[in-house]
Amino acid sequence: MAYKLVIIVGSVRDGRFGPIVASWVAERAREHGGFEVEVVDLADVEIPLSLPAAPPKYAGNSYPRPAGMAVLTSALESADAVLVVTPEYNHSYPASLKAAIDWHFTQWTAKPVAFVSYGGAAGGRHAVLHLENVLTELHAVTIRDGLAFPNYFTAWGGRSSARPTRRRVRENAARPAGLVGGRAAVGAEGRTVPGLTFPRSVALHRETVGAAGHDGRVLLTHIVTASAELAATRSRKAKIATLAAVLRAAETAELPAVIAYLTGQTAQDRLGAGWRTLAELAVEPTPEPSVEVREVDAALTEVAAASGAGSVKRRADVLTALFTRLTRGEQEFLFRLVTGELRQGALEGVMVDAVAAAAEVDAADVRRAFMLSGKLSVTGYAAMTGGAARLAEFRLTLGRPIKPMLASPAESLDEAVAEHEHAIVEYKMDGARIQVHRQGTEVHVYTRTLREITASVSELVDLVRALPCESVVLDGETLALTDDGRPRPFQETMSRFGSTREEQVRALLLRPYFFDCLHLDGVDLLDAPLSERNAALRKVAGEHVIPGEVEPPDAAAVLDAAMAGGHEGVMVKDLTSPYAAGRRGRAWLKVKPVHTIDLVVLAVEWGHGRRTGTLSNLHLGARDPDGGPPIMVGKTFKGMTDELLAWQTKRFQEIETHRDSYTVYVRPEVVVEIELDGAQISTRYPGGLALRFARVVRYRPDKEAADADTIDTVRGLLRGDRAE
DNA sequence: CAACAAGCCTC
DNA sequence: CTCGGCC
DNA sequence: GGCCGAGGAGGCTTGTTG
C-alpha cells in the first residue's frame with residue numbers, strides 16, 4: 001500500500017508560492033515512487049480566516065464546521081505524513097489558521113509533520129530568491145546525501161533530536177525509505193548533515209510532530225511498568241524520576257499519548273466506552289507484551305469515532321481485538337485507564353514536574369504553558385521538542401480557552417476577610433462556570449473544563465457580541481432566573497445548560513454574571529492585579545458584572561444580601577493577586593453558609609482503592625415525623641479520618657442485619673452529625689429529597705434514632721425555601 | 001414508540 | 001463539588 | 001500549599017431493546 005503524503009498549502013494570502021513548492025515536492029515524491037501524494041490548497045477549500053482556533057471535538061458535537069475544515073480533516077485522517085507549505089511561519093501566516101492546523105496536528109499525534117516556509121509576505125524579489133534557495137538546498141540535500149525530507153529537517157532543526165531512542169533499523173524495513181519514515185529517517189536521528197549551512201533568510205523551518213517518523217516504539221507494557229512504579233512509591237520525587245525516564249525514552253510522535261496515559265487520560269476526548277463496555281469484553285490475555293502505544297492510540301481513536309447504529313457493537317469489537325493482544329497486566333491497566341481508576345498517585349500535577357525534568361526546563365514555565373494551553377499533551381510535547389523557547393510562545397490567545405482560576409474554601413467570612421488586606425467581596429452564584437472569548441463579532445464560550453459550548457448558548461453569544469469592545473476574554477458564571485429575578489435551583493440551570501435541543505434551549509434563558517476580565521482590546525490582563533482586571537471588567541461588561549463590593553466596609557452585609565437574593569454565598573478575593581490560571585490558591589476564597597443535621601445510618605458500602613476493606617460510604621436516613629422507618633436522603637463518604645473509618649468498619653458489622661456484595665445493612669440506630677450545603681429535589685430517593693455535598697462531622701453516641709432530624713428539616717434546606 | 005442503559009458532563 | 005492524607 | 005483519590009447529587013444525549 002502506498003505511503004500517503006499530504007501536502008497542505010497554507011499560503012492563503014497573496015504571493016501564491018505555496019503551490020509551487022508543493023508541486024515541486026510532490027514531483028520529487030512521485031519520482032521516488034511508493035508514495036501517494038495529495039495536495040490540499042487551503043486557498044481552494046475556503047477556510048475562512050475567522051476559523052476558531054480550537055475547533056471542538058468532532059464526536060457528538062453539533063458545532064458548525066466550515067466546509068474547508070472537513071476537507072482538511074479528511075486529508076489529515078488519511079495521511080501517513082503531512083507536509084505544510086506556508087509563508088513565513090508566525091508572520092504572514094494567519095494566526096487563526098496556524099492555530100487550527102496546530103490543533104489538528106496535536107490530534108493526529110502519530111503522524112509526522114514538517115513545515116516548509118518560503119519567505120512569506122516579503123513578496124517580490126526577496127520571496128523569489130528565498131524560494132530558489134529553498135528549492136536548491138532541498139534538491140542538493142536529497143541528491144547529495146541520499147537523505148530524505150525529514151532527515152534534512154531533523155538535521156537542520158538541530159536541538160533535541162539526539163534524545164536516546166530504542167528504535168531499531170530492522171523495524172523500519174517494512175516501509176518505504178524516502179521522504180518520511182523508513183530507513184533514512186533512522187539514519188538522521190541525532191545527526192547533522194555535514195556541509196549544510198542555512199542563512200537565516202532562507203527560512204526553512206522544521207516544526208514537527210514526530211520528527212522521528214510515525215512509528216511508535218514505546219510499548220504499552222513500558223507504560224504499565226512505569227505506572228506500577230508510580231503506585232509503588234509515595235515519594236513525589238521518585239514519581240517524577242519515573243515519569244521523566246519514560247518521557248525521555250519516548251519518541252516525539254508518541255509523547256502526547258504517553259503523557260495522556262500516565263496522567264490517567266486517553267488522547268481521545270471521549271471514548272463512548274466505559275466500565276460496562278470493558279467489563280463485558282472477557283478476553284483471554286496474551287502471555288507476551290507486544291503492543292505499542294501507537295497501536296493503542298489508533299484503536300482508541302477508532303472507538304471514539306464510532307457513532308450511529310451499531311456503534312456499541314463496533315466499539316466492543318475494536319476493543320476486543322485490542323484486548324486480545326494484551327497481557328493481563330496491560331488489560332488491567334487499560335481497563336483502569338479507561339474507567340478513570342488509574343490510582344497511581346500521580347496525575348497532571350506530577351507530570352508537569354516530570355516534563356520539566358525530562359525537557360530540562362523550569363517547572364514554572366511548563367506549568368504556565370499548561371494553564372494557557374489547557375492540554376498537558378500539547379505543553380509536554382512543546383517542552384520536549386522546543387524547550388523553554390517553545391514554552392514561552394504559549395500565551396493567552398483569543399479563541400483558545402485557558403484553565404480557570406479556582407477558589408479555596410474558607411472556614412468563615414471573618415477568616416476570609418482577615419486573610420486579605422485589600423479584597424473584593426462578590427456574590428457566589430449557583431450556576432456553571434463559563435469563559436467567553438470575543439474577537440470582533442466572533443464569540444466562543446467554554447466551560448470550566450474548556451469544553452466549547454458556543455453552539456448551545458446563543459443568548460450568551462449575542463449578549464457578548466453587543467458589549468462595547470473589539471476583543472475580550474471574560475470569566476464568569478451562568479444561570480437561569482425565575483420570573484421575579486431570583487436564581488433558579490441549580491438543577492434547572494443545568495437542565496438548560498446541559499441541553500442542545502432547540503425546545504429546551506428556548507425554554508430557559510441563561511444569564512451571565514462576569515467576575516473577571518483576562519483580556520480587553522489587545523491588552524492581556526492575566527498578570528495584572530485583580531483591581532486592574534476588575535476595572536476593565538466594569539468598563540466592558542456593565543450590567544453583566546456579578547454583584548459585589550470592592551473593599552466593603554461591611555462584608556457581612558454583602559453576604560447577607562447574597563443569601564437574601566437566594567445565592568450560594570460570597571467570594572472574597574485578593575485585589576492584588578494576578579489571575580492564577582488553573583490553580584486553587586488562597587487568593588480566591590469561597591464562603592458558603594453550612595447546615596448541620598443529625599441523620600441515621602441505614603447501611604454502609606465497602607470502600608475501594610485506599611479504602612478497600614473498610615466500610616466507607618454511609619447511607620443516610622432522616623426521621624419520619626409520622627413514626628415510620630427512616631427515609632433515605634443520600635449517602636456520604638466524606639469527612640472521615642482513617643481512624644474513624646476503622647472505627648465504623650468495626651461498629652457497623654456489630655449491628656449488621658444483612659449484607660450483599662458491596663453493602664452492609666445495619667439496624668437504624670447510629671446517629672451521625674452531617675454537614676451539608678443544602679437539599680435538592682430528588683426523583684430517586686423515597687422522600688423526594690437529596691442532600692447536596694453531605695459530609696460527616698462526627699458520630700453522636702449521645703443520640704438515638706428518635707433524636708435524629710426529620711425529613712421536614714431536610715426539606716427546609718431547599719434553597720429558596722428558607723426564611724432569610 | 002417508549003423505556004432503559006451507558007457514558008460523560010455540571011456542581 | 002468536599003474532605004483527609006501526604007509530599 | 002498543592003496534589004491526589006475517596007466518592008456524592010443531578011442533568012442530557014445516544015444507542016439499544018422490549
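Quick caveat: nothing in here was measured; it's all calculated off a predicted structure. The chains referred to below are lettered A, B, ... by the order of the sequence lines, with proteins before strands, and numbering in each begins at 1.
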Side-chain atoms of A:Ala432 come closest, of D:dC4, B:dT10, D:dG7, to B:dT10

Think A:Ser499 has a side-chain N or O under 4.0 angstrom from the OP1 or OP2 of D:dG11? no

For A:Gly274 versus A:Val338, what's the shortest heavy-atom pair and its separation? CA-CG1, 4.4 Å

Quick one, which residues of residues 271-280 of chain A touch DNA chain B with a heavy atom under 4.0 Å? A:Leu271, A:Gly272, A:Ala273, A:Gly274, A:Trp275, A:Arg276, A:Thr277

May I ask you to say what A:Lys239 touches in the nucleic acid, namely base, sugar-phosphate or nothing, with a heavy-atom cut-off under 4.0 Å? nothing

Look at A:Asp353 together with A:Arg367 and state whether they make a salt bridge at an N to O cut-off of under 4.0 Å. yes

Write down the distance between CZ (A:Arg496) and C1' (B:dC11), rounded to a whole number of angstrom. 17 Å

Using the closest heavy atom to pick a nucleotide of DNA chain D for each, name whichever of A:Glu605 or A:Arg584 lands nearer the 5' end. A:Arg584

Testing D:dG2, D:dT16, B:dT10 for proximity to the side chain of A:Phe490, the answer is B:dT10

Decide if the gap between the ring center of A:Tyr513 and the ring center of A:His544 is smaller than 6.0 angstrom. no

Can you run through DNA chain D from 5' to 3' and write each base as (, ), [, ], | or . depending on how it pairs? Watson-Crick or G-U wobble, both distances under 3.5 Å. ||||||||||||||||||

Please work out if A:Ser307 contacts a base, only the sugar-phosphate, or nothing of the nucleic acid, heavy-atom cut-off 4.0 Å. sugar-phosphate

Between the side chains of A:Glu605 and A:His619, is a donor N or O closer than 3.5 angstrom to an acceptor N or O? yes

Contact class for A:Ala694 (heavy atom, under 4.0 Å): base, sugar-phosphate, or nothing? nothing

To the nearest 0.5 Å, how far apart are CG in A:Leu618 and CZ in A:Phe637? 11.0 Å

Rounded to whole Å, the CG-C1' distance (A:Asp430 to B:dT10) equals 10 Å

Write down the distance between NE2 (A:His567) and C1' (B:dC11), rounded to a whole number of angstrom. 17 Å

Nearest-neighbour nucleotide for the A:Leu347 side chain, D:dG5, C:dT2, D:dC3 considered: D:dG5

Is the distance from OP1 or OP2 of D:dC12 to the nearest side-chain N or O of A:Arg501 less than 4.0 Å? no

Atom pair NZ (A:Lys403) and CG (A:Leu372), whose distance is rounded to the nearest 0.5 Å: 11.5 Å

Which listed nucleotide (D:dG8, D:dC12, B:dT10) is nearest to the side chain of A:Phe693? D:dG8

For a quick test of reading the model: is some side-chain N or O of A:Tyr685 closer than 4.0 Å to OP1 or OP2 of D:dA9? yes

Assign each of A:Gly349 and A:Val633 to its nearest nucleotide of DNA chain D by heavy atoms, then name whichever residue's nucleotide is nearer the 5' end. A:Gly349

Kindly give the heavy-atom pair with the smallest separation between A:Val355 and A:Gly380, and that separation in Å. CG1-CA, 3.9 Å

Is A:Gln344 touching bases, backbone alone, or none of the nucleic acid, heavy atoms closer than 4.0 Å? sugar-phosphate

A:Arg684 CZ - D:dG11 C1' separation (whole Å): 11 Å

dist A:Thr320:OG1 -> A:Glu280:CD (nearest 0.5 Å) comes out at 10.5 Å

For a quick check of understanding: with a heavy-atom distance under 4.0 Å over all strands, which category does A:Thr493 fall into, base, sugar-phosphate or nothing? nothing

Residues A:Leu463 and A:Phe514: closest non-hydrogen pair is CD2-CE1, 4.4 Å

What are the atom names and distances for every N/O pair under 3.5 Å that joins the protein to nucleotides 3-7 of chain C?
residue, atom, partner, partner atom, Å
C:dC3, OP1, A:Arg695, NE, 3.1
C:dG5, OP1, A:Asp642, N, 3.1
C:dC7, OP1, A:Arg234, NE, 3.3
C:dC7, O3', A:Arg236, N, 3.2

Looking at A:Lys428, A:Lys590, A:Lys592, A:Arg692, which hits salt bridge (charged side-chain N to carboxylate O under 4.0 Å, His left out) with A:Asp677? A:Lys592

May I have the distance from A:Arg315 (atom CZ) to B:dA6 (atom C1'), rounded to whole angstrom? 10 Å

Side chain of A:Asn617 only, please: which of D:dG2, D:dG11, D:dG8 is the nearest? D:dG8

Counting only side-chain N and O atoms of A:Thr636, is one of them less than 4.0 Å from OP1 or OP2 of C:dT2? no

When we call it a touch if two heavy atoms are under 4.0 Å apart, what does A:Lys592 touch: a base, just sugar-phosphate, or nothing? sugar-phosphate

If you apply the rule salt bridge (charged side-chain N to carboxylate O under 4.0 Å, His left out), what do you find for A:Asp712 with A:Arg715, and how did you get there? CA-CA 5 Å; A:Asp712 295 332; A:Arg715 191 173 295 112; 2.8 Å; yes

Length of the CG-P vector between A:Leu319 and B:dA6, whole Å: 16 Å

NZ/A:Lys239 to OG1/A:Thr233 distance, rounded to the nearest 0.5 angstrom? 6.0 Å

When rounded to the nearest Å, what value does the distance between P atoms of D:dG7 and B:dC11 take? 22 Å

May I ask you to decide whether A:Glu675 forms a salt bridge with A:Arg695, counting only side-chain N to carboxylate O separations under 4.0 Å? yes

Could you tell me how far apart A:Arg270 (CZ) and D:dT14 (P) are, to the nearest whole angstrom? 9 Å

Heavy-atom closest contact (A:Ser499 atom, A:Ser495 atom, distance): CB-O, 3.4 Å

Taken to the nearest whole Å, CG/A:Leu262 to P/D:dC4 is 13 Å

